Each structure stands twice: as structure tokens, then as C-alpha cells.
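Here is the structure we will look at, set down as C-alpha cells.
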Amino acid sequence: QVQLVESGGGVVQPGGSLRLSCAISGRIFSINVEGWYRQAPGKQRELVAFIASAGATNYADSVKGRFTISRNNARNIMWLQMNSLKPEDTAVYYCNAKSRNELGTFQEDWGQGTQVTVSS
């Protein structure tokens with residue numbers, strides 16, 4: 001069983017910063033892709049950023065230059081550093097991992113989400 005747990009959400013004023021963390025545990029042999037998604041009220045869940053196995057990163061246009069995704073070497077912790085936050089960044093943020101267990105079986109898992117609210 002794979003478990004992802006987010007932390008670090010909260011309320012911040014526009015222009016402020018937050019750092020989200022995601023802890024990953026369970027039967028994982030290798031992680032192929034780790035990413036952050038978000039979902040605002042009444043909107044579809046959207047990709048914010050991801051980091052692939054070789055280290056390549058990708059960001060949504062709306063957060064480029066403001067957000068940074070990173071991970072530790074064991075790939076069981078990842079972060080999303082969010083700077084220059086805007087009210088439109090308000091959403092529930094979810095971490096996601098695409099991985100394989102020791103038998104090579106593909107797995108995709110989600111955290112339960114952490115609320116980020118940007119308001120003056």
C-alpha cells in the first residue's frame with residue numbers, strides 16, 4: 001500500500017510564500033514521476049508541476065518563475081516552493097506519484113490534499 005501525505009498548506013497574503021511537502025511511503029521500488037496538482041472550487045484539477053525520473057521538470061504557465069518543485073535523493077519526499085502567491089493560486093493542492101513496485105507493477109497514488117488560501 002502506497003501512502004502520500006501533504007503538509008504545509010495554510011493562509012497567506014498576496015505576495016507571500018509557502019512550502020508544501022509530500023511524504024511517500026509503501027511498497028515502491030522506483031518512482032518515475034512525482035508531481036503537484038491543484039483544484040480550485042468549481043474547477044477541474046490541474047497539473048501545477050512535475051519532476052521526472054531523470055530530473056526534468058515542467059510547470060504550468062501560470063506558475064512559471066514563481067513555483068519550484070524538488071525532491072530528495074531517495075525520492076520519498078518532495079516539495080513545492082511557492083513564492084509571489086496570488087489569490088488565483090487558492091486551491092487544494094495534491095501530490096501525486098507514478099511508481100512501480102518490486103514486481104514492476106505500475107502504480108499511481110494521490111495524497112488527500114492540503115488547502116492553500118491566498119487572501120488579503
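Predicted model only: the values in this text are computed from it and were never measured.
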*Trace of the side chain to side chain contact (heavy atoms under 4.5 Å, CB included) decision for S120 with Q13*: CA-CA 5 Å; S120 61; Q13 292 184 326; 5.6 Å; no
*Heavy atoms only: give me the nearest L18-L85 pair and the separation to one decimal.*
N-CD1, 3.9 Å
_Does N83 form a side chain to side chain donor-acceptor pair (under 3.5 Å) with Q81? I'd like the steps, not just the answer._
CA-CA 7 Å; N83 298 325; Q81 179 67 45; 3.0 Å; yes
Identify each donor-acceptor pair in which a side-chain atom of residues 54-63 lies under 3.5 Å from a protein atom, sequence neighbours left out, and give them as a table.
unit_1: Y59; atom_1: OH; unit_2: I69; atom_2: N; d: 2.9
unit_1: D61; atom_1: OD1; unit_2: K64; atom_2: NZ; d: 3.0
unit_1: S62; atom_1: OG; unit_2: R38; atom_2: NH2; d: 3.3

*If the plane angle is over 60° it's perpendicular, under 30° parallel, otherwise tilted; pick one for W110 and Y94.*
perpendicular
*asked:* I need the Q39 CD to Y93 OH distance, nearest 0.5 Å.
replied: 12.0 Å
*Measure the CG-CD distance between N32 and E108 for me, rounded to the nearest 0.5 Å.*
11.0 Å
*Is the backbone N or O of Q112 less than 3.5 Å from a side-chain atom of E6, with the two atoms forming a donor-acceptor pair by type?*
yes
*Give a yes or no answer on whether the side chain of T90 reaches the backbone of T117 with a donor-acceptor pair at less than 3.5 Å.*
no
_Gap between atom CE of M82 and atom CZ of F67 - 0.5 Å precision_ = 5.5 Å
*Drop me the distance from S53's OG to R75's CZ, to the nearest 0.5 angstrom.*
6.0 Å
_Quick check: closest heavy atoms across L4 and I24, and the distance to 0.1 Å?_
CG-CG1, 3.9 Å
*Please lay out, stage by stage, how V116 and L20 fare under the test side chain to side chain contact (heavy atoms under 4.5 Å, CB included).*
CA-CA 9 Å; V116 173; L20 307 182; 4.0 Å; yes
*Can you check whether K86 reaches P14 side chain to side chain, under 4.5 Å on heavy atoms?*
no
_Checking the side chain of N72 only, and the main-chain atoms of I77 only, is there a donor and an acceptor separated by less than 3.5 Å?_
yes
*More than 12 heavy atoms from other groups under 6.0 Å of CD on E88*: yes
*asked:* Does Y37 form a side chain to side chain contact (heavy atoms under 4.5 Å, CB included) with E46? I'd like the steps, not just the answer.
replied: CA-CA 5 Å; Y37 293 73; E46 64 175 347; 6.0 Å; no
*If you measure from CH2 on W79 to CD on E34, what distance do you get to the nearest 0.5 Å?*
9.5 Å
*Which pair of non-hydrogen atoms, one from A40 and one from A91, has the smallest distance, and what is that distance?*
N-CB, 3.8 Å
*Look up atom CH2 in W36 and atom CD1 in I51, then write down how far apart they are to the nearest 0.5 Å.*
13.0 Å
*Evaluation steps, salt bridge (charged side-chain N to carboxylate O under 4.0 Å, His left out), between R66 and D89*: CA-CA 11 Å; R66 301 189 297 121; D89 295 318; 2.8 Å; yes
